[in-house]
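Everything below concerns the one structure shown next.
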Amino acid sequence: MDLNEENFRLLAQYLQQTLSPDPNVRRPAEQFLESVEGNQNYPILLLHLIDKEDLDMTIRVAGSVTFKNYVKRNWYHDPEEGKADKIHETDRTAIKTLIVTLMLKSPTATQKQLSDAVSIIGKHDFPDKWPQLIDEMVEKFATGDFNVINGILQTGHSLFKRYRYEFKSQTLWLEIKLVLDKLAKPLTDLLVATMNLATTHAGNQQALKVIYGSLVLVCKVFYSLNYQDLPEFFEDNMPTWMPSFLTMLTTDVPLLRTGDDEEAGVMEQLRSQICENLCLYAQKYDEEFSPYMPQFVTAVWELLVNTGNQTKYDTLVSHALTFLGTVADRSHYRHLFEDPNVLASICEKVIIPNMDFRASDEELFEDNPEEYIRRDIEGSDIDTRRRAACDLVKILSQKFEAKIFEIFSQYLQVLLSRHSANPQGNWRAKDTAIFLVTSLASRGSTQRHGVTQTSELVPLPQFCQQHIVPELERSNVNEMPVLKADALKFLISFRSCLETSSVVACLPLIIRHLQAQSVVVHSYAACAIEKILMIRTPGQKAPITAAELSPLASDLYTGLFGTLDLTGSAENEYVMKAIMRCTSVLQEGALPFMGSIVLPRLTQILTMVSKNPSKPHFNHYLFETLSLSIKVVCKAQTSAVESFEEALFPIFQNILQQDILEFIPYVFQLLSLLLEMREGVPTIPEPYMALFPFLLSPLLWDRPGNVTPLIRLICAYIRQGAGQIVAYSKLNAVLGVFQKMIASKTNDHEGFYLLQTLLLHYPMQELQQSLRQIFVLLFQRLSLSKTTKYIRGLIIFFSFYAGKVGSQNLVQMIDEIQAQMFGMVLERVFIPDLNRISAEVDKKIVAVGMARILCECPSMLTEPYVQFWPRLMEALIQVFEAQPDAVTEGDDDFIEIEDTPGYQVAYSQLNYAQPKANDPYPDVADGRMCLVQSLAKLSAANPGQIPQLIHKMPALAGQILNKYCSQAGVQIL
């Protein structure tokens, strides 16, 4: 693409269209941009377009977002993956030359996107391929222009913040050392200079905003550079940094106070970041930091006491409380907190005020329930006052249990008495009381089981019966919604600690709350149902069986699907997850409701959400529930698969035609499930076959999220319609897919799976002419990019081939490519790496294949290959004797999905649509017995030769083999 006005105009037009709410305008524009992103000069065009000051700002912002996503998708390129590099080398060089300068002169709206792009490029290229980056950044500090300096600091923050979570390694240490050598002193000098400027411009509000904005970024970069270890430079310069932190923490700047109660101003951001820096030093560099500790404890304490309860201070208060908790957790600072008066003062002035339910919390509860839920029960309230106060209570109650319980018991009585005196007016007091009890009682928790350890001093069952259950028993489910939510959350949190029978007994009360108008209340009710159905008693038994849940099934399904009709909950993930869980527990008990409620509603919902997918978790649980419903119904009535196809095919076709990226991997999994349900039917119906050519189109295979489900679907076609694929002459296209898979380090296992399916189900006379080329491709990949995973896949495939096609055929096939090449395979692949096979089904495939090679292949008993016979036998015995893999807990009901950031749609495996385990040798119970029985036949046909070969093995291997023979009642002659 040439850098000319026509291309600028065209690009601007398509970027404008990507902002359209109309998918018929937006999607073609997105597809066009995706189609041209491999063209040379495309990213340079984008950067020049972003720089055009006469262009509409919305288009420039769209261009910057598109550029950032382009970099995120394409900058990392591994030549061994076999994929073309979409960014030309000249473009890579040009981008790195242009982007820093462009970012620094860009308006704020585009600067953030370009800064993120710099950090993505830096993650892959810095320092080896972009050594000049730090020098370029440090140079700009000398400009004195704080807009430029802040841009550099923002880029540095984006670039270095990965140091906070990357694993320690020599490469990482070397990179951090390089950055410190070039940046630590300039950053310290910048801190001192900026602090001086803050004094000089004390009366200039506009200047102070920019100066303090720089200080925030300096403190963020300081945090990243100090995270992995305490650098010598910063240790030596603590006398510069720590007094500066103290000054910034304690100095009030009236000109920077804001009237906004919601948004944190620059002073709040700065103090918050300093508290975070102090936490880091208190946690990790305690010894070096100890001289400064008392003055910071005093400063933070005074800050907490004097800070208001407005939302803008939340992150600051949270970090300040975390700092106090960190100090209190250190035994050598115990003396700072031991005095009962100090503890009472902390509880009264810091903890209780920050546990109170504020007007802003109530506003969030009512106006933004999703955010409230995210903070409250999803553990993302790390930076909330309540969470930090709760954590401080836990630390203090562990260190000073008796004193803390004595102090808080008095507060608890006061709060509950205040509520009892006026339940309508003082409901907030009970909310604080419930939160306080939760904080005091919790000692340990997991996502799967909730709270698992509690304090013996808190009488949970009694509190639950007296204060929690009565809230759920009130007849009006819309009354006191916050306390209803608190009660439901209490049951969710302590479900594993309370008597299971009493929690289960609450189910009818919880089901009633599904009709509550409050989104938080009915979401918590759905969440509580789902969590209670997941409770496991010792021995991993579920306390609620299908028989026990059946009487509630009608109310459950009616209530849950009814909730999806309530305002604000059309795509409520907690509700959909609860529907899935109920169906999972009920199994055939759900059948009476399938035709009348479940399936009509699920297909209706799928049609609706496919128009504009926006809630990934809701969508995942929707497809899980559909998968489960298909399995449950078709298990009871096999022919029902046709009804599902009739209902779902039109929706699936629309998703595929509209290219709805988020749903396509799910559609492939459901199509596979439906096709596999037809096992035993000789032909594949025409609608499936009409789709088959489309499934082989290259565009689909370029999207990582499609690969695994597509391979499974293609394999289902091969298993059940190989004859039809022959008639369609599509073998070459299928082998093209195999070639693409095997060239990729990420997807080579999918290539082997496809190949094994072809060997097992495709007519051999059709496949025969392509086998030699297949083997050539396998050896090419072996020589170009040998990985442990690939070696393992190759061993399993060769074993599979020997077992299914024939061991002598395998030897001939390999030796036809190159004379005596099978000897190299034995020496360099089989013998050294056979012990890498660990999965049970893989072990069985290898056992059968190796038994055929050792016992049914004439070439192995003659030169030049007979020399390898003892070593191959020994390697196989090592596979048998290796400890089996630890089996993970057998509970396929625990489904949690992760948010996958980034542009590409990730593949999310549907738990209830998983393929059946494929055992190609169901009749072989034990690989050892298979081996010795084959060995006995070989010995009988070649008397005297086999004992000689066994004798050449190490003594221990020979003893183990003799043990196998005696267990099978076999004698080797």
Side-chain angles (χ1 to χ4, degrees), residues 47 50-51 57 60-61 63-65 67-69 71-72 75 95-96 98-127 130 132-165 175-176 179-180 182-184 186-191 193-195 197-198 206-227 248 256 263-274 276-277 315 901:
L47 286 177
I50 296 163
D51 193 29
M57 182 51 80
R60 293 172 71 189
V61 171
S64 65
V65 172
F67 178 79
K68 180 190 74 176
N69 286 332
V71 168
K72 188 187 287 188
W75 197 269
I95 288 169
K96 286 187 283 193
L98 293 169
I99 192 165
V100 174
T101 306
L102 175 58
M103 177 204 68
L104 294 176
K105 67 174 187 173
S106 292
T108 310
T110 57
Q111 190 176 68
K112 176 72 175 71
Q113 304 299 330
L114 292 173
S115 175
D116 286 349
V118 170
S119 66
I120 294 164
I121 297 168
K123 181 182 175 185
H124 298 299
D125 283 19
F126 177 77
W130 201 2
Q132 73 275 23
L133 176 61
I134 289 292
D135 295 326
E136 207 177 329
M137 290 168 68
V138 171
E139 252 175 48
K140 306 290 182 187
F141 283 171
T143 61
D145 181 343
F146 271 88
N147 289 318
V148 170
I149 289 169
N150 285 0
I152 287 294
L153 289 170
Q154 181 62 55
T155 303
H157 170 52
S158 299
L159 193 59
F160 307 140
K161 67 183 175 186
R162 66 188 175 87
Y163 300 160
R164 304 178 184 190
Y165 49 79
E175 182 182 326
I176 293 174
V179 172
L180 288 166
K182 295 190 178 230
L183 191 67
L187 189 72
T188 307
D189 293 343
L190 182 65
L191 170 78
T194 312
M195 292 285 289
L197 281 170
Q206 207 53 43
L208 284 175
K209 279 184 182 175
V210 177
I211 289 165
Y212 274 83
S214 288
L215 289 171
V216 173
L217 290 166
V218 167
C219 291
K220 285 178 185 288
V221 172
F222 174 92
Y223 185 87
S224 298
L225 295 180
N226 281 266
Y227 192 87
M248 289 185 274
L256 292 180
E263 286 294 318
V266 70
M267 276 309 296
E268 290 78 49
Q269 292 171 22
L270 179 61
R271 287 172 168 174
S272 171
Q273 185 58 50
I274 289 169
E276 206 173 351
N277 293 354
T315 306

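In this text, all values refer to a predicted model and were calculated from it rather than measured experimentally.
With sequence neighbours left out, the side-chain hydrogen bond (donor to acceptor under 3.5 Å, both in side chains) criterion links K140 to no other residue. Under the rule for a side-chain contact (heavy atoms from CB on, under 4.5 Å), the partners of D189 that lie at least two apart in sequence or sit in another chain are K185. Judged as a side-chain hydrogen bond (donor to acceptor under 3.5 Å, both in side chains), and not counting sequence neighbours, the contacts of S272 are H319. Evaluation of the side-chain hydrogen bond (donor to acceptor under 3.5 Å, both in side chains) rule for K182 yields D135 as partners, not counting sequence neighbours. Annotation: ring-ring contact (aromatic ring centres under 6.0 Å, His included) contacts of Y223 (sequence neighbours excluded): Y227. Every residue two or more places apart in sequence or in another chain was checked for a side-chain hydrogen bond (donor to acceptor under 3.5 Å, both in side chains) with T194, and none qualifies. In terms of the side-chain contact (heavy atoms from CB on, under 4.5 Å) criterion, residue partners of K105 (sequence neighbours excluded) are, by chain and number, D51, L102. The side-chain contact (heavy atoms from CB on, under 4.5 Å) test applied to L197 returns F146, H201, I211, not counting sequence neighbours. By the side-chain contact (heavy atoms from CB on, under 4.5 Å) test, E139 is found to be paired with no residue, residues two or more places apart in sequence or in another chain being considered. Residues meeting the salt bridge (charged side-chain N to carboxylate O under 4.0 Å, His left out) test with R164, sequence neighbours left out: none.
Not a single donor-acceptor pair under 3.5 Å links the side chain of S115 to the backbone N or O of K112. A donor-acceptor contact shorter than 3.5 Å is absent between the side chain of Q113 and the backbone of T110.
Residues M195 and L215 are in side-chain contact: their nearest non-hydrogen atoms beyond the backbone lie under 4.5 Å apart. V118 has its side chain out of reach of F126: every pair of non-hydrogen atoms, C-beta onward, lies at least 4.5 Å apart. For the pair L191/M248, a side-chain contact is recorded, criterion being any heavy-atom separation below 4.5 Å from C-beta on.
Every pair tested for salt bridge (Lys or Arg N to Asp or Glu O under 4.0 Å) that includes a residue from residues 141-157 fails, sequence neighbours excluded, so the list is empty.
Considering every non-hydrogen atom in both A198 and Y212, the closest pair reads CB-CE1, 4.0 Å. The nearest pair of heavy atoms linking V71 to A117 is CG1-O, 4.1 Å. In this structure, M57 and P107 approach most closely via the heavy-atom pair CE-CG, 3.4 Å. For N277 against C219, the heavy-atom pair with the smallest separation is ND2-O, 3.2 Å.
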Practice task
Start with the C-alpha distance between L159 and L133, add both sets of side-chain angles, then the distance that settles side-chain contact (heavy atoms from CB on, under 4.5 Å), and finish with yes or no.
Solution key: CA-CA 11 Å; L159 193 59; L133 176 61; 3.5 Å; yes
Exercise for the section: Could you walk me through whether E175 and Y163 pass side-chain hydrogen bond (donor to acceptor under 3.5 Å, both in side chains), step by step? Expected result: CA-CA 10 Å; E175 182 182 326; Y163 300 160; 2.7 Å; yes
Exercise for the section: Evaluate the side-chain contact (heavy atoms from CB on, under 4.5 Å) criterion for residues R162 and Y165: first the C-alpha distance (whole Å), next the side-chain angles of each, then the deciding distance (0.1 Å), finally the verdict. Expected result: CA-CA 6 Å; R162 66 188 175 87; Y165 49 79; 3.4 Å; yes
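Put simply, CG on L114 and OG on S158 are 11.0 Å apart, with the number rounded to the nearest 0.5 Å. Here the straight-line distance linking atom NZ of K161 with atom NZ of K123 works out to 11.5 Å at 0.5 Å rounding. Between the CZ atom in F222 and the CG atom in L187 there is a gap of 9.0 Å [rounded to 0.5 Å]. Remark: L225 CG to L183 CG distance equals 6.0 Å, nearest 0.5 Å. Distance check: L217 CG to Q273 CD gives 9.5 Å after rounding to the nearest 0.5 Å. For the atom pair NZ of K220 and CG of L270, the computed distance is 10.0 Å after rounding to the nearest 0.5 Å.
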Enumerate, atom names and distances included, each donor-acceptor pair closer than 3.5 Å involving a side-chain atom of residues 147-155, sequence neighbours excluded.
{"unit_1": "N150", "atom_1": "OD1", "unit_2": "S214", "atom_2": "OG", "d": "2.2"}
{"unit_1": "T155", "atom_1": "OG1", "unit_2": "G151", "atom_2": "O", "d": "2.9"}

